[in-house]
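The structure appears below as structure tokens.
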Amino acid sequence: MSEGEFLLEAAGLSKAFGRKPALRGLSFSVRSGEIFGLLGHNGAGKSTALGIILGMVEPDRGEVRIGGESVQRRRVRALRQAGAIFESPGFYDYLSGWENLKVLTSYSGGFDPAEAKKVVEEVELRDRIHSKVSTYSHGMRQRLALAQALLPEPRLLLLDEPTDGLDPEGIKWFRDFILQLRDERGITVLFNSHLLSEVEQMCDRVVIVRRGRKVYEGDPVGIGEECVTLEIEAEPAERADACFQKLGGRVLEDGRRVRFPESADPAVVARALVEAGVELRQLTPVRRSLEDIYLEVTGEPECGREEEGGET
């Protein structure tokens, strides 16, 4: 597989638990060597998608391929290329970290002491690897889980909320480590997270899922720049709001930012406010963050327009 080709392909994934649909035709592709983010509210279908990718959940329809191998038809061959931290990592607390690695990696192949020592050094657990896991902090458990995921020397690393519960220092360490894996070893990473700032700093591309459906796939930077967002301070507020409405603008929840359609020109907005007798103190274009876009595509009206129709 040449650089830039898709290492992971999820095609038309659908899954229902009873009468409740979890995924509705979800499709996305992850290129070899990229960090890819899977975003969505709790219950959006992210964990179900990861479960299907890992062969732990059988889809009602659709297929996942890793390196061209179908997880549903050639599970062992497909998953031999992947390592994962899925849900809460489970360890034997009465054993040491090293003993846990020996036991858990034996389930999926064999234990190579030299390779294990190298990975333990990489995740910075050398000084505590022979201590019982019962004495580990949450951050140390996450590093041990990462070591376990890396021991098969995977091409693809799947991470389920990897920084959940970590302190700021632990989050930064994890972020830097994942970026290093991509940059120095070319490992492809797919992870889901609710920490949008982390996703924005780490991911080459993202997919956003809402109620089991994909609502966006692409670059996390500059998504939706078709809208113009301005931070405005103006008085009286009632007169300014009326002016915004005439221009197709919508005041956001913070009360300071106003979103206009793509055709809006900040100079025209400023002139309209002044001509309406509004005292304009500030008008500054704002680049929307990934969180702004996430809120838009997962439930808020876009660019001042109300959503049409509804979910079925």
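A donor-acceptor contact shorter than 3.5 Å links the side chain of Asn192 to the backbone of Glu161. At least one donor-acceptor pair under 3.5 Å links the side chain of Asn100 to the backbone N or O of Tyr92. Remark: the backbone N or O of Arg211 is paired with a side-chain donor or acceptor of Arg24 at under 3.5 angstrom. Within the 3.5 Å criterion, the main-chain N or O of Ala16 finds a donor-acceptor partner in the side chain of Asp60. Lys15 places a side-chain N or O within donor-acceptor distance of the main-chain N or O of Glu58, the cut-off being under 3.5 Å. Judged by distance alone, with hydrogens and angles left aside, the side-chain atoms of Ser137 form a donor-acceptor pair with the main-chain N or O of Met140 at under 3.5 Å. Judged purely by atom type and a 3.5 angstrom limit, His138 uses its side chain to pair as donor or acceptor with the backbone of Asp164. Within the 3.5 Å criterion, the main-chain N or O of Glu63 finds no donor-acceptor partner in the side chain of Arg73. Proximity of a side-chain donor or acceptor of Thr229 to a complementary backbone N or O of Arg259 within less than 3.5 Å is not detected.
Rounding to the nearest 0.5 Å gives a distance of 10.5 Å between CG of Leu13 and CZ of Arg61. One finds the CD atom of Glu217 at 9.0 Å from the OG atom of Ser27 (value rounded to the nearest 0.5 Å). The line from CD1 of Ile85 to CG of Leu146 is 5.0 Å long, rounded to the nearest 0.5 Å. We find the CG-CG distance between Leu230 and Leu283 to be 5.0 Å, quoted to the nearest 0.5 Å. Distance check: Leu95 CG to Lys132 NZ gives 8.5 Å after rounding to the nearest 0.5 Å. Within the model, atoms CD of Glu153 and CZ of Arg185 stand 7.0 Å from one another, a figure rounded to the nearest 0.5 Å.
Here the closest non-hydrogen pair linking Thr48 and Ala22 is OG1-CB, 3.9 Å. The two residues Gly249 and Phe260 come nearest to each other via the heavy atoms CA-CD2, 3.5 Å. Closest non-hydrogen pair, Gly83 versus Pro154, comes out as N-CB, 3.4 Å. Nearest heavy-atom pair across Leu280 and Ala270 is CD2-CB, 3.9 Å. When all heavy atoms of Leu26 and Ala49 are compared, the pair lying nearest together is CD2-CB, 4.0 Å. In plain terms, the two heavy atoms of Ile66 and Gln81 that are nearest each other are O-NE2, 2.9 Å.
In this structure, a donor-acceptor pair under 3.5 Å is absent between the side chains of Arg155 and Ser32.
Leu179 and Phe177 fall within a single hydrophobic cluster, where Ile, Leu, Val, Met, Phe, Trp and Tyr are joined by side-chain heavy atoms under 4.5 Å apart, directly or via other members. Under a hydrophobic-cluster definition in which Ile, Leu, Val, Met, Phe, Trp and Tyr are linked whenever side-chain heavy atoms come within less than 4.5 Å, directly or via other members, Val76 and Leu8 are assigned to different clusters. Follow the hydrophobic side-chain contacts under 4.5 Å out from Ile232 and you never reach Val268; the two are in separate clusters. Val269 and Val274 fall into different hydrophobic clusters, where Ile, Leu, Val, Met, Phe, Trp and Tyr are joined by side-chain heavy atoms under 4.5 Å apart, directly or via other members.
Using a 4.0 Å cut-off between a side-chain N of Lys or Arg and a carboxylate O of Asp or Glu, Arg256 and Glu233 qualify as a salt bridge. With respect to the salt-bridge test (charged N to carboxylate O, under 4.0 angstrom), the residues Arg65 and Glu9 do not qualify. In this structure, Arg182 pairs ionically with Asp204, as a charged nitrogen and a carboxylate oxygen lie closer than 4.0 Å.
With contacts defined as side-chain heavy-atom distances shorter than 4.5 Å, the pair Leu151/Leu104 does not qualify. Contact check for Ile53 versus Leu79: no side-chain heavy atoms found under the 4.5 Å cut-off. Contact of the Ile178 side chain with the Leu159 side chain is registered, since non-hydrogen atoms from C-beta on lie closer than 4.5 Å. Taking the side chain as every heavy atom from C-beta outward, Trp173 and Arg143 approach each other to under 4.5 Å. At least one side-chain heavy atom of Val120 sits under 4.5 Å from a side-chain heavy atom of Leu125. A heavy-atom distance below 4.5 Å is not found between the side chains of Glu121 and Lys118. In this structure the side chain of Ile35 never reaches within 4.5 angstrom of the side chain of Leu181, judged on heavy atoms. Taking the side chain as every heavy atom from C-beta outward, Arg31 and Arg205 approach each other to under 4.5 Å.
Within 6.0 Å of atom CD in Glu169, 12 or fewer heavy atoms from other residues, nucleotides or ligands are found, so the atom counts as exposed in its surroundings.
Aromatic ring centres of Tyr136 and Phe91 lie farther apart than the 6.0 Å criterion allows.
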Stepwise side-chain contact (heavy atoms from CB on, under 4.5 Å) test for Phe191 and Val199: CA-CA 9 Å; Phe191 77 98; Val199 171; 4.1 Å; yes

Full working for side-chain contact (heavy atoms from CB on, under 4.5 Å) between Ile52 and Val71: CA-CA 8 Å; Ile52 292 174; Val71 172; over 6 Å; no

Stepwise side-chain contact (heavy atoms from CB on, under 4.5 Å) check, Val119 with Leu101: CA-CA 11 Å; Val119 170; Leu101 291 180; over 6 Å; no

Output, in order, the C-alpha distance, side-chain angles, deciding distance and verdict of side-chain contact (heavy atoms from CB on, under 4.5 Å) for Phe86 and Leu50. CA-CA 8 Å; Phe86 185 59; Leu50 281 180; 3.7 Å; yes

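Under the 30°/60° scheme for interplanar angles, the aromatic rings of Phe111 and Trp98 are found to stand perpendicular.
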